[in-house]
Amino acid sequence: MTIVLRSPQGAPAAEQACPIAPVVDIVFSRWTTPILWTLHARGVQRFVELHRNIGSITPKVLTQRLRQLERDGLVVRTHYLEVPPRVEYRISELGLSLAPLFASLAEWSAGHLSSVEEARRAFDEADNETVSR
C-alpha cells in the first residue's frame with residue numbers, strides 16, 4: 001500500500017519544498033498547540049475551563065479552533081443532552097499521538113531557546129550598529 005501525503009491544496013507533499021508543511025499547518029497554527037497542550041495536560045475540559053486555562057484567546061477564536069481540531073480528528077467534542085446542556089472537549093487518540101513531538105519540542109526549547117535569544121540579541125545589536133552609521 002502506498003500512501004501519498006497531499007497538501008490542503010491537493011498537491012502531493014513530495015512536490016512541495018517541505019513535505020511536512022501540511023502537518024505544520026495543521027498542528028502549529030496560532031492556537032492549536034496551546035489547545036492540544038492544555039487538553040493533554042489537564043484532560044477533559046468544558047469550554048469555559050479551556051478558555052480560562054489557555055488565557056488570552058478570545059471565545060470566538062477558541063470556538064473556531066476547536067471546530068477545526070474536531071474536523072481534523074485531533075479533538076473530540078461530547079455534547080450531553082441534559083439541562084443545562086453540557087459540552088466537553090478531550091484530545092483524541094490521533095491528538096495524543098502528537099505527544100512525543102510536543103515532548104521533543106519542549107526538550108529542544110529547554111536546551112536551545114536561550115541560544116536563540118542570544119543570537120537574536122547579537123543580531124539586533126549588530127543591526128542597530130549598522131543603522132547608526
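- The hydrophobic clustering, which links ILVMFWY residues whose side-chain heavy atoms are closer than 4.5 Å, places Ile26 and Ile20 together.
- In this structure, Leu66 and Tyr89 have side chains that are in contact, with non-hydrogen atoms separated by less than 4.5 Å.
- Within 6.0 Å of the CD atom in Glu107, the count of heavy atoms belonging to other residues, nucleotides or ligands does not exceed 12.
- Interatomic distance, Leu105 CG to Leu113 CG, rounded to the nearest 0.5 Å: 11.5 Å.
- Using a 3.5 Å distance cut-off with no hydrogens or angles, the side chains of Gln68 and Asp72 do pair a donor with an acceptor.
- Between the side chain of Glu125 and the main chain of Ala122, no donor-acceptor pair closer than 3.5 Å is present.
- Gln64 is listed as a side-chain neighbour of Lys60, based on a closest heavy-atom distance under 4.5 Å.
- Rounding to the nearest 0.5 angstrom, the gap separating the CG atom in Leu74 from the CG atom in Leu69 is 5.5 Å.
- Panel note: side chain Thr32, backbone Phe28; no donor-acceptor pair is recorded below 3.5 Å.
- Contact check for Val61 versus Trp31: side-chain heavy atoms found under the 4.5 Å cut-off.
- The two residues Glu49 and Val44 make their nearest non-hydrogen contact at OE1-O, 4.5 Å.
- Under a hydrophobic-cluster definition in which Ile, Leu, Val, Met, Phe, Trp and Tyr are linked whenever side-chain heavy atoms come within less than 4.5 Å, directly or via other members, Ile54 and Phe102 are assigned to the same cluster.
- Side-chain atoms of His112 come within 3.5 Å of backbone atoms of Trp108 as a donor-acceptor pair (strictly under, hydrogens ignored).
- A donor-acceptor contact shorter than 3.5 Å links the side chain of Ser92 to the backbone of Gly73.
- Side-chain contact between Leu36 and Thr33 is absent, with no heavy-atom pair separated by less than 4.5 Å.
- Side chains of Tyr80 and Thr78 form a contact here, defined as non-hydrogen atoms less than 4.5 Å apart.
- The distance from the CD1 atom of Ile91 to the OG atom of Ser97 is 8.0 Å, given to the nearest 0.5 Å.
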Would Leu96 and His40 count as a side chain to side chain contact (heavy atoms under 4.5 Å, CB included) if you check the C-alpha gap in whole Å, the side-chain angles of each, and the deciding distance to 0.1 Å? CA-CA 7 Å; Leu96 284 172; His40 180 259; 3.2 Å; yes

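- Within the 4.5 Å cutoff, no side-chain heavy atoms of Arg46 are placed close to those of Leu50.
- Side-chain contact between Leu39 and Gln45: present, with at least one pair of heavy atoms (C-beta onward) separated by less than 4.5 Å.
- Using a 4.0 Å cut-off between charged side-chain N and carboxylate O, Glu88 and Arg86 make a salt bridge.
- Applying the 6.0 Å contact sphere to CZ of Arg67 captures no more than 12 heavy atoms from other residues, nucleotides or ligands.
- Atom-to-atom distance recorded for Arg77:CZ and Phe47:CZ is 10.5 Å, nearest 0.5 angstrom.
- At distances below 3.5 Å, at least one donor-acceptor pair connects side-chain atoms of His51 with backbone N or O atoms of Ile57.
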